[in-house]
Novice: 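My questions all concern the structure below.
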Amino acid sequence: MARPTIYPTMADAVADVPDGITLIVPGFGVGTPLNLLTALHQRGTKEITVVQNGAAQASTDPSVRNVGNLIEDGRVKKLIASFTAATHPSRPSITEQMARAGTLEVELLPQGTVAERIRAGGAGIPAFYTPAGVGTLLSEGKEHRVFNGRTYVLEEGIVADYAFVHAWKADTAGNLIYRHGARNYNPIAAMAGRTTIVEVEEPIVPAGTFSPDEIHTPGVFVTRMV
Amino acid sequence: MARPTIYPTMADAVADVPDGITLIVPGFGVGTPLNLLTALHQRGTKEITVVQNGAAQASTDPSVRNVGNLIEDGRVKKLIASFTAATHPSRPSITEQMARAGTLEVELLPQGTVAERIRAGGAGIPAFYTPAGVGTLLSEGKEHRVFNGRTYVLEEGIVADYAFVHAWKADTAGNLIYRHGARNYNPIAAMAGRTTIVEVEEPIVPAGTFSPDEIHTPGVFVTRMV
Amino acid sequence: MAAVIGRRLRPGSVVNLGIGIPTLASGYTREEDDILFTSENGVIGYGRVATPEEGDPDVWNAGGQQVTLVPGASFVHHADSFALIRSGRLDVTVLGAYEAAADGSFANWRLSNSAFDNLGGIGGAMDLVASAKEIWLAMEHTTREGKPRLLDACTLPVTSPRGVTLVVTDIAVVAVRDGQFVLEEYAPGYTVEEVVSLTGAPLQVSPDVKEIAL
Amino acid sequence: MAAVIGRRLRPGSVVNLGIGIPTLASGYTREEDDILFTSENGVIGYGRVATPEEGDPDVWNAGGQQVTLVPGASFVHHADSFALIRSGRLDVTVLGAYEAAADGSFANWRLSNSAFDNLGGIGGAMDLVASAKEIWLAMEHTTREGKPRLLDACTLPVTSPRGVTLVVTDIAVVAVRDGQFVLEEYAPGYTVEEVVSLTGAPLQVSPDVKEIAL
């Protein structure tokens, strides 16, 4: 569909999200689609492969569930991230504990590689080369190649079954605008989801309200909005 | 320098542009930095490798010189483009005539490959794979590779010595805003130039005038403005 | 031809129209069908070809025509425009062509096999055909000399070695299925036999074949 | 340490400050020096750490601190933010570290060689060090137990196998040149000999060595 479908509630927007999906979750301090994550947690979807900058500490507010809660509750099969939020080795995060116990698979990547893999997926680029991580543990076992005298490592694009997105403003055509640092992973996540579901802070306005030049994500990338 | 230098005239902005450079020139009908090209033509810079969507027909207005004029006047050594503007085989463009005569090297690429090579260059990505052109003459001799059962071709990023850019609005920090379809190659060109020179339609305003959310190209990518 | 294409576009489709006849198709769809037209140069959501009064100097389709914008239109840069294309979000790409073949291949970018004769220009066609869900062609059924352009195999360098599903010509609407041309519609004033005789490859006739209704 | 870093940044530099001490350095530069601070999360052009009153809920640096925006600040998405980093536009990246070695390598992402002990978290550090023109470190000179953190070779998994040019510690400013540590400044209350004794690799002493002026 050219135009996204607008759902009345977060629960409705994720009501059919099945087990075993891959899911891109933006957010870097701000800009995290917490309402959609809370609804997904409530729905009980499991065996999820999550792509996120770093797994947050589980929320202690019972009305808010984040990726940390999904991990803690055993809903996540695999995490692709650049940070696992260990504050000190004596206090391992739940992510670390589960990774050690073998109940969670973790693929740790440089942050720019996480971002570029998502961007590549959304751009129909199956693979690219990056200098990040060359000469470190994180590039071990990966394919290396020299271009113009410099060594790079091959990384593949990520296309996810679902991308959750947090936007500031949206119109009925699905055009999105983000606010300040809440932009972070949201525009590239929106492009890399086969189904992209957006939670919008402000009430959705009629198509044509925004100037075409101020739109950050064109509605053609959006499947559902709440 | 963190902030771009503002030049009084187009001629000043290109006064030191030497022979033998690589140059990215945006534009797709609109959004072409014609004032900078005219100044570059006047300066006499030659042996240029031009990256552009398609070589335009030479301008017949003597006050405006475009890439077609640079080609016609023998200033271009090589053209990397997706279109050579031949309207009919009986009326070959100057680009075609010179290519046949061996006085101009032409690398013809799918349009999305031109765009993505520029974007990759500006993103520090040395190479990537794309499906465009596989199974055609344009991928002959290129490296092919299969990802997830589909065949792709390897293409390298383009970083140019200079990128010329046409912007609608700019502030003194070099932040740029483009208008409608004049955006086209400009944002990615701005990122892929070692030296990025911008011609601005409207008077340059003080930094802080624009909302941080409406800026298309951050000033950190801009070297010079007129 | 543009009307035939416009009528066949399914509601809710995301469509790219190539240079020439195809670009006119955006004027032949109904607003309620929610068809989104995008163009390689980064305009997402345009309407019909603009009159001189309506035209905005910075709003063009990839065919070099000034077009109107629909409510909710937006602009992206060229890399994001091709991100949209390569990531498979186009339901249909409609392109002009010199030749189409029953194997789903077609040719539209160079009029000679020798780069010495004709350098050619590909534009965005190879990106479009590599990733769109469907490839439709809008083309003349024959050359000016009357030679067929629908062939068993292309003689010119191909734009894509496969993938064409529909060919709309000046005299017929031909589906491409399982390596065969199938006649679905023919133009008023033509007969099925005439269309078959002007086609350079076997042409199956659909049991539902009918005259094109304009 | 933050003041030392702020003072050493050259006018017109584009700088990324890592989590911890480095992020404070943006409060120690002069406006007229036109130093641009960018952060991995996509903020380009921030100032000092914000007071609770100044803070905007959507404006943070990558270290999780609310910061002020300078006039002309802008925001980009994560892929464009790392495009800026990887394309070599950063003059300096300043990072925290557990260990630094005279060969220019350093370690800051995992406290053990075994992933079983400590999974670690790399964030943007490997992207930063792969492409910034200079890598500076801000770190403790020794562990809490007094063991040196400046070594001949790193014992922990490295973040980069090369490239560090400056190490600012709580007691010294040490340049890394030609595979050697060179002492340039030492903290008030310390002597050159003490700094040498607390360093786990040969430490050359610059002929211009001086006490850190705060």
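Numbered from 1 within each chain, the chains take letters A, B, ... in sequence-line order.
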Novice: Are more than 12 heavy atoms from other residues, nucleotides or ligands located less than 6.0 Å from atom CG of B/Asp61?
Specialist: yes
Novice: In terms of heavy-atom pairs under 4.5 Å, which option from B/Phe128, B/Trp168, B/Tyr178 contacts chain A the most?
Specialist: B/Phe128
Novice: When rounded to the nearest 0.5 angstrom, what distance separates CD1 in B/Ile125 from CZ in A/Arg119?
Specialist: 9.0 Å
Novice: Which answer fits A/Tyr152, side chain, backbone, both or neither, if we ask what part of it has an atom under 4.5 Å from a heavy atom of chain B?
Specialist: side chain
Novice: Starting at NE2 of A/His216, measure out to CD of B/Glu214 and round the result to the nearest 0.5 Å.
Specialist: 9.0 Å
Novice: Where do B/Pro131 and A/Gly124 come nearest, in terms of heavy atoms and distance?
Specialist: CD-O, 3.9 Å
Novice: Counting only heavy atoms not in B/Asp16 (residues, nucleotides, ligands), do more than 12 fall under 6.0 Å from its CG?
Specialist: yes
Novice: At their closest point, which heavy atom of B/Pro212 faces which heavy atom of A/Arg183, and how far apart are they?
Specialist: O-NH2, 4.1 Å
Novice: Can you tell me which of B/Glu143, B/Glu155, B/Arg150 forms the most heavy-atom pairs within a distance under 4.5 Å of chain A?
Specialist: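 Option with the greatest count: B/Glu143.
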Novice: Name the region of B/Arg179, side chain, backbone, both or neither, that has any atom closer than 4.5 Å to a heavy atom of chain A.
Specialist: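 The answer is both parts of B/Arg179.
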Novice: Please classify the contact between B/Ile177 and chain A as side chain, backbone, both or neither, with a heavy-atom cut-off of under 4.5 Å.
Specialist: neither
Novice: Should B/Asp213 and A/Lys169 count as side-chain neighbours, where that means a heavy-atom distance under 4.5 Å?
Specialist: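 Of all side-chain heavy-atom pairs linking A/Lys169 with B/Asp213, none is under 4.5 Å.
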Novice: Please classify the contact between B/Phe147 and chain A as side chain, backbone, both or neither, with a heavy-atom cut-off of under 4.5 Å.
Specialist: side chain
